[in-house]
Amino acid sequence: MSVSKPPPPPSTSHLAIPPPSASAPSSSASSPLATPHSAAPPPPSPVKISMQEHFAINVCPGPILPIPQISDFFPRFHDYPCTPPPPREKKILKEETFNGETGVGHLDGERRGETDGNGEEALDSDDDDTYLGTLEFTLLFDQENNCLHCTIHKAKGLKAMDSNGLADPYVKLHLLPGASKANKLRTKTLKNTLNPVWNETLIYHGITGADMTTKTLRLCVCDMDRLGRNEFIGEVRVALKKLKEGESKRYNMGLERIAQNKEANNQLVDQGAVVAEEERGRILVSLCYNTEKSCLLVGIIRCAHLAAMDSNGYSDPFVKIILQPDMGKKSKYKTSVKKKTLNPEFNEEFSYEVSLDQLAKKTLEISVWDYDLGMSNDFIGGVELGINASGQRLKHWFECLKNKGKKVEYWHTLTQQGAPSSDKPD
């Protein structure tokens, strides 16, 4: 028994176009009006396109566009060099007159060929076109009391250092060469301002005429940051040799970021090396011989610029005095201890019962010590006053013996050679 196979299905092509041979008889049969000689061609059927081909044509009409990169949004990351902005004009502040005195201000963009007597070369920071602001202050040297008065008035137009566009500025002072915590002074901090007004006077004690010829005052403006390190804004420097005794001179100077010259720094270090080896600080002592009570009154007033003996950069100083030859316990005195300072103020007075004839043959040994709890005290420096002394120390002793009943005050330099001969650290 044979079974006929069904005819194969028509091919499913994407474009189903009817064959012309099959359509001719059907069209002629369906139209009775048509004649064999005047048969019209059938209308073309629409082209059928699959859905996949339709999507392919509409989705990709042209070339694929490049994906935007991050450099398109941040031009400074481009590989090609960008055109730098035009440089700012560097202006010079005009001279301002304050009570007959003039102070010249400089902007940060300038280079000063000569600094104030230091031989240092003042250079600008990396951002040459950044204006840091100006600082206004007054200096006065009182030679009679050996004091340098520094009045910080105000600053103007400081550079913003905080995220809020403001700063928390303060001013700190150092004496160069030999900047350290011993000769550091600081103003109070003013919050959230670029134009602070301090009107605060800071005093350096124990400044002699010799210091005025060799020292330079450095004034730094900084921004206080409680969460991190304080930031440096700018500084100015003034050579003290340009300041006359008893003259109050007012300055208005532009802040700078000074990069010191290595050769100049080496010279300053060499000049200060001899002083650093000998000087350990200074002490202000008063002597007075009271003829009514036949006693010598020794006043320990204050010390200045003491050497730091502790790891925190400070000392806990106290003063010991001994009248030699040793007179027993009555010849030894000690002041109170001042904690964590290099410029202590004692204002303590001690009395020695001794005749004027015997006093002329004696020597007063003064020594400054750093107190250490549970350990031996560290010797900072000392000085000897007496007939065997020389220079200012001998002059002080003679004036005390000559001017009976008069208190005579002198500043003396502490040296390591001034250690007391018969006293041991305790």
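In this text the structure is predicted, and so the values were computed from the model without any measurement.
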Donor-acceptor pairs under 3.5 angstrom involving side-chain atoms of residues 161-168: please list them, not counting sequence neighbours.
{"unit_1": "Asn164", "atom_1": "OD1", "unit_2": "Leu166", "atom_2": "N", "d": "3.0"}
{"unit_1": "Asn164", "atom_1": "ND2", "unit_2": "Asn192", "atom_2": "OD1", "d": "3.4"}
{"unit_1": "Asp168", "atom_1": "OD1", "unit_2": "Asn192", "atom_2": "N", "d": "2.8"}

Which heavy-atom pair separates [X] from [Y] by the least distance, and what is that distance?
X      : Y      : answer
Asn183 : Tyr204 : O-OH, 2.6 Å
Met224 : Asn230 : CA-OD1, 3.4 Å
Phe346 : Val319 : CE1-CG2, 3.8 Å

- Query: So Tyr410 and Glu399, side chain to side chain donor-acceptor pair (under 3.5 Å) or not? Walk me through it.
  - Reply: CA-CA 10 Å; Tyr410 269 85; Glu399 288 191 9; 2.9 Å; yes
- Message: Just to verify, which of Thr335, Asn343, Leu342, Leu306 counts as forming a side chain to side chain contact (heavy atoms under 4.5 Å, CB included) with Pro317?
- Response: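 Per the side chain to side chain contact (heavy atoms under 4.5 Å, CB included) rule, the option paired with Pro317 is Leu306, out of Thr335, Asn343, Leu342, Leu306.
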- Task: Please name the residue in the list Ile321, Leu287, Leu394 that meets the side chain to side chain contact (heavy atoms under 4.5 Å, CB included) test with Leu385.
- Result: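 The passing option is Leu287.
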- Query: Roughly how far apart are Ser336 OG and Lys338 NZ, rounded to 0.5 Å?
  - Reply: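 Ser336 atom OG to Lys338 atom NZ measures 4.0 Å (nearest 0.5 Å).
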- Query: In Å and rounded to the nearest 0.5 Å, what is the CD to CD distance from Glu256 to Glu235?
  - Reply: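 Going from the CD atom of Glu256 to the CD atom of Glu235 covers 8.0 Å.
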Taking [X] for its side chain and [Y] for its backbone only, find out whether a donor-acceptor pair lies under 3.5 Å.
X      : Y      : answer
Lys215 : Pro177 : yes
Ser315 : Ala307 : yes
Tyr289 : Cys400 : no

- Message: Show every salt bridge (charged side-chain N to carboxylate O under 4.0 Å, His left out) that has at least one partner inside residues 191-201, sequence neighbours left out.
- Response: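 Matches after skipping sequence neighbours: none remain.
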- Task: Please list, chain by chain and in numerical order, all residues satisfying salt bridge (charged side-chain N to carboxylate O under 4.0 Å, His left out) with Lys156, sequence neighbours excluded.
- Result: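 So Lys156 forms no salt bridge (charged side-chain N to carboxylate O under 4.0 Å, His left out) with any residue.
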- Message: Within the 4.5 Å heavy-atom criterion, are Glu349 and Lys407 side-chain neighbours or not?
- Response: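 Sidechains of Lys407 and Glu349: in contact.
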- Aromatic Phe232 / basic Arg257 pairing, under 6.0 angstrom, 45° off normal: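 Pair Arg257/Phe232 does not count as cation-pi.
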- Message: Assess the residue pair Thr151 and Thr201 against the criterion (side chain to side chain donor-acceptor pair (under 3.5 Å)); give the C-alpha distance rounded to whole Å, side-chain angles, the decisive distance to 0.1 Å, and a yes or no.
- Response: CA-CA 4 Å; Thr151 302; Thr201 301; 3.0 Å; yes
- Query: Salt-bridged, Glu384 to Arg393, with N to O below 4.0 Å?
  - Reply: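 Salt bridge: no.
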